[in-house]
Protein chains: 2
Amino acid sequence: MSDARPAQSFGGESLLFLTDEQLRQGIEAMFFAYRGFTADPDRILAEMAYGRAHHRAIHFINRAPGTTVNNLLAILGVTKQSLNRVLRTLIADGLVESRVGTQDKRERHLFLTPEGAALESKLSDAQRVRMRSAYKEAGPEAVAGFRQVLEAMMDREMRRTYANLRDSAT
Amino acid sequence: MSDARPAQSFGGESLLFLTDEQLRQGIEAMFFAYRGFTADPDRILAEMAYGRAHHRAIHFINRAPGTTVNNLLAILGVTKQSLNRVLRTLIADGLVESRVGTQDKRERHLFLTPEGAALESKLSDAQRVRMRSAYKEAGPEAVAGFRQVLEAMMDREMRRTYANLRDSAT
DNA sequence: TTGGAATGTCAACAAGACTGACATAAGCTG
DNA sequence: CAGCTTATGTCAGTCTTGTTGACATTCCAA
């Protein structure tokens, strides 16, 4: 497992990119990049009484308006109790609306209020600025590779969720 | 900021990759991929009484043996109180050794004990397995792009830290 | 109709981040 | 040497966000 030799022969191309050192650099790049990735929205959230969990909820409610709590749970990968605390404050603060399902009254369908949508925009814009700048700096081919590796890093189930969201784009 | 039009003209190539939708997909890919990225070591850590914070400390002490507390603080980007809690348990459990500096006796130099190194291997191996598989699946050119975009996503200071670690590779 | 499954809520707890205050030891400077 | 600064460690308290357990409501199927 911890061999330090280059990887051997896959499909004939490039034999020299799978050393442990190369992999470690990728691991560290993920660590530092994720810090940058969350830094800008975190700054905005810190000003209000919110955290990263609120951002995630707002993001995916905006992405799939009318989604149920259970569906959001599957996307976020946390317990319903954890999500509920976040949703409760967002609803109390008037950023999210929770409507009892018409067909199944056990379900709650979630929507952003205009105030919620405004915060979503603010957070997304901040995050997109950095993303856009990184994409510009790296160039379109790098972006394609970036997306490929990220997708390959996901679990099977996450990959499904990600693809569903992607394909449901308006 | 929230325009939905394609980006305009950069260096003549590829005009159609900077829409908000494209950026949002990148953002979601980062979110899901990071979950996958941490999933395997997290599972191992959960069995012991450790968390992700311990993993990060162990990783970078292994990467830069003899590093001082202050230096580790800068790399990890947390407060000394937060790091200290983690280091205290790692030292108490005999995974990390803290040696008083010979030149500057205020400094503590940190090293992994054999037990610490064993855990580091176990965690790194688990993380590398996924990384290696993602790299293989995506291919070498994708990996190059992946690394470029990640680096472009970092803050200036993180980029320096990252480059220093990378260049100090044995 | 009744018992189980699904959905959501409330309460309590733990990890890990944070700030603030303070102690100690060592280096540095005038 | 005296006094300031630096490096580290610690105590206390708070916040976010994850967890489990218990429970209420609603739906569905035997």
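Only a predicted model underlies this, so the values are computations on that prediction, with no experimental measurement involved. The sequence lines fix the lettering, A, B, ..., with proteins before strands; numbering per chain opens at 1.
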Can you list the steps and then say if B:Arg166 with B:Glu151 is a salt bridge (Lys or Arg N to Asp or Glu O under 4.0 Å)?
CA-CA 12 Å; B:Arg166 192 186 50 207; B:Glu151 193 162 344; 3.3 Å; yes
Mind running side-chain contact (heavy atoms from CB on, under 4.5 Å) on A:Asn70 and A:Arg106 for me, showing each step along the way?
CA-CA 11 Å; A:Asn70 224 12; A:Arg106 290 173 302 182; over 6 Å; no
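Of the side-chain N and O atoms in B:Asn70, none sit less than 4.0 angstrom from OP1 or OP2 of D:dT6. Side-chain N/O atoms of B:Thr79 include none lying less than 4.0 angstrom from OP1 or OP2 on C:dA17.
Between the side chains of B:Asp125 and B:Ser121, no donor-acceptor pair of N or O atoms lies under 3.5 Å.
Between B:Arg159 and A:Glu137, at least one side-chain N (NZ, or NE/NH1/NH2) sits under 4.0 Å from a carboxylate O, which counts as a salt bridge. With salt bridges taken as basic N to acidic carboxylate O contacts below 4.0 Å, one links B:Asp155 and A:Arg130. The pair A:Arg128-A:Asp40 does not count as a salt bridge, with every side-chain nitrogen at least 4.0 angstrom from each carboxylate oxygen. Between A:Arg35 and A:Glu28 there is no salt bridge, since no side-chain nitrogen of the basic residue lies less than 4.0 Å from a carboxylate oxygen of the acidic one.
For the pair A:Glu107 CD and C:dT9 P, the interatomic distance rounds to 12 Å; values are reported in whole Å. Rounded to a whole Å, the CG atom of B:Leu72 is 11 Å from the P atom of D:dG9. Remark: P of D:dA7 and NE2 of B:His109 are 12 Å apart, rounded to the nearest angstrom. One atom, CG of A:Leu73, and another, C1' of C:dT9, lie 13 Å apart when rounded to the nearest Å. Atoms CZ (B:Arg35) and P (D:dG18) sit 10 Å apart, rounded to a whole Å.
Cation-pi geometry between B:Arg99 and B:Phe111 is met: under 6.0 angstrom from the ring centre, within 45 degrees of the axis.
The distance from atom OG1 of B:Thr38 to atom CG of B:Asp42, rounded to the nearest 0.5 Å, is 4.5 Å.
Aromatic ring centres of A:Phe32 and A:Phe37: separated by at least 6.0 Å.
Within residues 44-57 of chain B, no residue has a heavy atom under 4.0 Å from DNA chain D. For DNA chain C, the residues of residues 84-95 of chain A within the heavy-atom distance limit of 4.0 Å (strictly under) are A:Asn84, A:Arg88, sorted by number.
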Going 5' to 3' along nucleotides 21-30 of chain D, which nucleotides have protein heavy atoms under 4.0 Å from the base (write B), which only from the sugar-phosphate (write S), and which from neither (write -)?
B----BS---
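Other residues, nucleotides and ligands contribute over 12 non-hydrogen atoms within 6.0 Å of the CD atom of A:Glu115.
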